[in-house]
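A short worksheet on the structure shown next.
By convention in this document, chain letters (A, B, ...) are assigned in the order of the sequence lines, proteins followed by strands, and residues within each chain are numbered from 1.
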Number of protein chains: 2
Amino acid sequence: MSHVLIVDDERDLAELIDFNLRGAGFSTRLAFTGEAALAAAREQSPDVVLLDLMLPDLSGIEVCRHLRANSQLRDVLIVMLTAKSEEADRIRGFEVGADDYVVKPFSVRELVLRLKAILRRSATPKESVPPLALGPLRLDVTAHRFYVEGQETSLTALEFRLMEHLMARLGRVQSREQLLEEVWGLSSSLETRTIDTHVMRLRDKLGNARALLETVRGVGYRIVDPTAG
Amino acid sequence: MSHVLIVDDERDLAELIDFNLRGAGFSTRLAFTGEAALAAAREQSPDVVLLDLMLPDLSGIEVCRHLRANSQLRDVLIVMLTAKSEEADRIRGFEVGADDYVVKPFSVRELVLRLKAILRRSATPKESVPPLALGPLRLDVTAHRFYVEGQETSLTALEFRLMEHLMARLGRVQSREQLLEEVWGLSSSLETRTIDTHVMRLRDKLGNARALLETVRGVGYRIVDPTAG
DNA sequence: AGCGTCCGTCACCCATTTGTCACCCAAGGG
DNA sequence: CCCTTGGGTGACAAATGGGTGACGGACGCT
């Protein structure tokens, strides 16, 4: 199956994860510091790096950045492990390109599911992820670019994720709770009103196409299909 | 909604949780000891067990193990409540298969979010629900759209829920009390006459199809099957 | 250190939604 | 035919939900 590099300085936890991932059929390797993680990754390219945010030497974010900066390792999948209080870091993490987040304390069951899901997603070669095109909107996940009426429009990391999430669920209403959970991350303790603000900012950037991002009062938001009659 | 078994020997806390979960629409049951929890679970399979780690008789971990060992209850979702300091127990908790953790002290809001999240995840992945179609009426739950004779008709969130409820129970009369409980949610202390108003508003929006929403004098309302009879 | 960007939170405002009431009329029983 | 009861309906006030602009904190960059 797939090879996972587990990076966490809490040995008990790392070993617990190790034990369970092996049970689930993954091959694994452990690292307890950021430096060790980078060395291990260089030596034996893993498919996924499971990366604790709090490490004694480098922070998880720095490790992440180093991995992304290495041409050999650029495409490795990175799953961040964050403590609940580190919500703010999560956003940063997405910016440096983590592929998923799991919030501590988490269940092993969930962790394994997430790993499998992310591997499945990346199983299709990345080049072939077709850009999401929709009327005047085009979102290129691979290149991380977004176009409105052919014009490239810069979105922040969070806006991009929100837009991607909504476009991938064309026509389906997404509740604020769903969005918080799936775009912001599990157990996010944000105000749901925060979403409104980001939707507004997105709409601003959509310009003429702003009508495509609809509010469903009392329910949530959705992207409408401009071709639907 | 879902049934939650709350297990905690601190009665004040258990009751606080109880109050809030009921407010959020869950049905609940309390147990103050491990034995009582197991008995309650056997008697009335809950969807989720909210399990304090520190109990006077059995530890939460033992309760967890018993639940997992019982073929009837094996698949119940288990959310552990742990004090921050109980790191070691957390690890052991993973081993016996808790599905999520909430660390005390926690905010009630977060707890509710976590519960909803975990229930949603374990629910059958209802990416999209097939629309309810019925003669000239079509109600698309996923997109949250409603059509009369092919024409989209806007319903408020409440009207939508009411319509969904009635259409899903085609032909069956729903009493006002039933509707209040199931559409408005428990704990609603409304006048039953309020329903009349909403039924009227719905009928207005149904236009030609208004006859499909029948009054059963002295009993309640129902949607009739236009193809029957 | 200074600046700019991004993000979360607030407070204010408005439109819509929702609950309630009062006044009827219709149905059904005698 | 009359009376009772339940439901339809329009009007109204209150509550809610969402848009929006502003603010401050955190962070990266120079």
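For DNA chain C, the neighbouring residues in residues 192-207 of chain B, judged by any heavy atom under 4.0 Å, are B:Thr194, B:Thr197, B:His198, B:Arg201. Contacts of residues 156-176 of chain B with DNA chain C (heavy atom under 4.0 Å): B:Thr156, B:Leu158.
At least one side-chain heavy atom of B:Leu202 sits less than 4.5 Å from a side-chain heavy atom of B:Leu155.
Following rounding to the nearest Å, B:His144 (NE2) and D:dG17 (P) show an atom-to-atom distance of 13 Å. Look at CG on B:Leu155: it is 14 Å from C1' on C:dT16, rounded to the nearest Å.
Nearest-nucleotide assignment on DNA chain D puts the 5′-proximal partner with B:Gly218, out of B:Gly218 and A:Val216.
For the residue pair B:Ser154/A:Arg217, the side-chain donor-acceptor check at 3.5 Å is not satisfied. Donor-acceptor pairing under 3.5 Å is recorded for the side chains of B:Thr215 and B:Arg203.
A salt bridge is defined here as a Lys NZ or Arg NE, NH1 or NH2 lying under 4.0 Å from an Asp or Glu carboxylate O, and A:Glu159 with A:Arg201 fails to meet this definition.
The side chain to side chain contact (heavy atoms under 4.5 Å, CB included) test with B:Leu50 singles out one residue from B:Leu5, B:Ile78, B:Leu21, and that residue is B:Leu21.
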Footprint string (nucleotides 25-30 of chain C, 5' to 3'): B base within contact, S backbone only, - free, heavy atoms under 4.0 Å: --B---
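Within the structure, every side-chain polar atom (N or O) of A:Tyr221 is placed at least 4.0 Å from both OP1 and OP2 of D:dG17.
Between A:Trp184 and A:His198, the ring-plane angle classifies as perpendicular under the 30° and 60° cut-offs.
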